[in-house]
Amino acid sequence: MIRTVEAEPRVSAPVLAAYSYCEAVTGQQARNFAYGIRLLPLPKRRAMSALYAFSRRVDDIGDGALDREVKAVRLEDTRAMLARVREGAVDEDDTDPVAVALAHAAETFPIPLGGLDELIDGVLMDVRGETYETWDDLKVYCRCVAGAIGRLSLGVFGTEQGARGVERAPEYADTLGLALQLTNILRDVREDAEGGRTYLPADDLAKFGCSAGFSGPMPPEGSDFAGLVHFEVRRARALFAEGYRLLPMLDRRSGACVAAMAGIYRRLLDRIERDPQAVLRGRVSLPGREKAYVAVRGLSGLDARHVTRRTVRRRA
């Protein structure tokens with residue numbers, strides 16, 4: 001059983017300042033994520049912001065313009081900071097607000113901090129310029145950079161007492177992370193190509209005649225780019241369907257947060273599916289009013305009830 005923590009003792013001024021920093025980073029850098037965590041109680045929202053701020057720091061190192069060797073050193077420095085958090089060696093007056101906030105969050109919630117080590121491992125794969133021959137290869141990367149975030153988030157959310165199948169909650173959280181990451185990969189295919197990165201599996205690219213890559217607003221000549229996108233969309237939808245089994249295991253507000261974030265990405269998939277070449281022309285996004293609708297739907301519990309009914313029908 002994963003413990004749920006609702007109450008929080010008084011938070012000191014230095015820790016509040018550290019959380020405020022992390023919340024500012026989250027609001028500026030992760031609109032979809034920030035939109036979802038607004039539905040959480042304050043202690044959980046702060047903890048999620050601390051997780052995001054740490055993750056953002058790791059991602060920024062990987063995406064920056066430094067040499068590979070320097071990036072690797074910076075990432076190991078970040079891992080050392082994480083070790084200090086794990087060992088309880090971060091004081092409230094530490095000069096690093098992310099370390100202070102993360103340390104407090106880890107004291108308040110049963111966060112599996114090893115997931116942040118996995119994130120660093122995944123970004124090191126980016127730094128090394130790794131490519132992926134098969135979906136099984138890509139899954140290893142996705143589990144590091146996104147599945148781990150799902151499991152970390154579950155440490156903050158906790159699960160409902162007596163929920164059926166709760167022992168599989170980490171698995172479902174991991175799978176939902178994979179679904180979000182595959183959606184990100186589809187959305188950013190042109191941007192990643194311009195940065196010299198290819199994430200989609202090489203055997204999928206070859207199957208649809210897209211091995212030449214995506215250097216412009218048009219797909220490779222003679223390719224079936226739409227077929228490639230629709231194939232990956234179906235894969236992502238299957239991951240969402242499996243990961244959504246997590247929702248009935250969460251309390252109402254945590255479930256609403258997850259449903260809102262996942263719902264935004266599912267709607268991005270809908271847009272990509274309708275117009276596959278849109279991802280080659282620019283970043284596909286949702287207007288604010290549509291995000292608000294997704295949030296209301298999540299808060300109403302519609303998605304969780306839908307998953308519960310579907311699961312019951314399968315067992316019948």
Side-chain angles (χ1 to χ4, degrees), residues 18 21-22 24-26 28-30 33 48-91 94-103 105-106 111-153 155 174 177-178 180-202 205 213-215:
Y21 172 85
C22 293
V25 170
T26 303
Q28 293 166 7
Q29 302 293 329
F33 185 85
M48 291 296 291
S49 294
L51 286 174
Y52 177 81
F54 181 93
S55 303
R56 181 75 263 166
R57 178 177 295 180
V58 173
D59 286 343
D60 285 346
I61 294 170
D63 292 337
L66 299 171
D67 291 338
R68 288 185 180 184
E69 294 78 9
V70 178
K71 287 182 178 182
V73 171
R74 294 281 181 88
L75 288 169
E76 292 306 326
D77 288 344
T78 306
R79 199 190 299 273
M81 182 267 269
L82 179 60
R84 289 199 300 123
V85 170
R86 185 182 288 112
E87 294 161 5
V90 177
D91 296 327
D94 193 283
T95 57
D96 186 342
V98 176
V100 173
L102 186 60
I111 298 172
L113 292 174
L116 294 175
D117 279 303
E118 292 180 55
L119 173 64
I120 294 170
D121 292 339
V123 173
L124 280 168
M125 294 168 75
D126 281 335
V127 170
R128 293 193 296 264
E130 293 193 19
T131 56
Y132 309 97
E133 290 296 317
T134 68
W135 167 237
D136 284 341
D137 295 334
L138 180 59
K139 276 196 294 188
V140 174
Y141 170 77
C142 290
R143 285 209 159 97
C144 285
V145 299
I149 300 302
R151 287 177 268 119
L152 287 157
S153 300
D174 183 275
L178 264 64
L180 297 175
Q181 185 63 24
L182 183 54
T183 304
N184 268 333
I185 288 170
L186 283 173
R187 182 191 62 183
D188 298 339
V189 66
R190 168 84 182 277
E191 181 180 330
D192 289 333
E194 290 174 345
R197 293 177 180 171
T198 301
Y199 290 102
L200 290 175
L205 296 174
F214 313 105
S215 58

Q.
Please evaluate residues Asp136 and Val140 with respect to the criterion side-chain contact (heavy atoms from CB on, under 4.5 Å), reporting the C-alpha separation (whole Å), side-chain torsions for both, the decisive distance (0.1 Å), and the verdict.
A. CA-CA 7 Å; Asp136 284 341; Val140 174; over 6 Å; no
Q.
Quick check: closest heavy atoms across Phe214 and Val189, and the distance to 0.1 Å?
A. CD1-CG2, 3.4 Å
Q) Atom CG of Asp192 and atom CG of Leu200: how far apart are they, to the nearest 0.5 Å? A) 9.0 Å
Q.
Let me confirm one number: the CZ-CD distance from Arg56 to Gln29, rounded to the nearest 0.5 Å.
A. 5.5 Å
Q | 4.5 Å side-chain heavy-atom contact, Lys139 and Tyr132 | A | no
(Q) So, taking the atom named CG in Leu124 and the one named CG in Leu75, what distance separates them when rounded to the nearest 0.5 Å? (A) 5.0 Å
Q | Polar side-chain atom of Asp67 near backbone of Glu69 as donor-acceptor pair, under 3.5 Å | A | no
**Q.** Between CE on residue Met125 and CD1 on residue Ile120, distance to nearest 0.5 Å
**A.** 14.5 Å
Q.
Quiz question: by atom type and distance under 3.5 Å, do the side chains of Asp126 and Tyr199 form a donor-acceptor pair?
A. yes
Q | Asp117: side chain to side chain contact (heavy atoms under 4.5 Å, CB included) partners, not counting sequence neighbours | A | Arg79, Leu82, Arg86
**Q.** Nearest atoms (heavy-atom pairs only) where Met81 meets Ala99
**A.** SD-CB, 3.7 Å
Q) With side chains defined as the heavy atoms from C-beta onward, is the minimum distance between Trp135 and Leu182 less than 4.5 Å? A) yes
Q: Taking all non-hydrogen atoms of both residues into account, name the closest pair between Tyr21 and Pro97 and its distance.
A: CD2-CG, 3.6 Å
Q) Taking all non-hydrogen atoms of both residues, which atom of Ala101 and which atom of Cys22 are closest, and how far apart? A) CB-SG, 3.6 Å
Q) Which value, rounded to the nearest 0.5 Å, describes the distance between Ile185 atom CD1 and Leu138 atom CG? A) 4.5 Å
Q | salt bridge (Lys or Arg N to Asp or Glu O under 4.0 Å) between Arg57 and Asp96, worked out | A | CA-CA 12 Å; Arg57 178 177 295 180; Asp96 186 342; 2.7 Å; yes
Q. Any sub-3.5 Å donor-acceptor pair from Arg68's side-chain atoms to Val127's backbone N or O?
A. yes
Q | Nearest non-hydrogen partners of Ser153 and Met48, listed with the distance | A | OG-CE, 3.2 Å
Q: Going by the side-chain contact (heavy atoms from CB on, under 4.5 Å) test, name the single residue among Thr78, Val58, Asp121, Leu51 that passes it with Leu116.
A: Leu51
Distance-only criterion, 3.5 Å: show the donor-acceptor pairs between side-chain atoms of residues 142-150 and protein atoms not counting sequence neighbours.
| unit_1 | atom_1 | unit_2 | atom_2 | d |
| --- | --- | --- | --- | --- |
| Arg143 | NE | Asp174 | OD1 | 2.7 |

Q) Between atom CG of Leu66 and atom NZ of Lys71, what is the distance when rounded to the nearest 0.5 Å? A) 6.5 Å
Q: Before giving the answer on salt bridge (Lys or Arg N to Asp or Glu O under 4.0 Å), spell out for Asp63 and Arg197 the whole-Å C-alpha distance, their side-chain angles and the decisive distance to 0.1 Å.
A: CA-CA 11 Å; Asp63 292 337; Arg197 293 177 180 171; 2.9 Å; yes
Q.
Tell me the closest heavy-atom pair linking Ala106 and Leu113, and the distance in Å.
A. CB-CD1, 4.1 Å
Q: Using a 4.5 Å cut-off on heavy atoms from C-beta on, say whether the side chain of Asp59 contacts that of Tyr52.
A: no
Q. Which residues pass the side chain to side chain contact (heavy atoms under 4.5 Å, CB included) test with Glu191, sequence neighbours left out?
A. Asp188, Arg283
**Q.** Side-chain heavy-atom pair Thr198, Leu205 within 4.5 angstrom cut-off
**A.** yes
Q) Do Val73 and Asp77 come close enough that some side-chain heavy atom pair is under 4.5 Å? A) yes
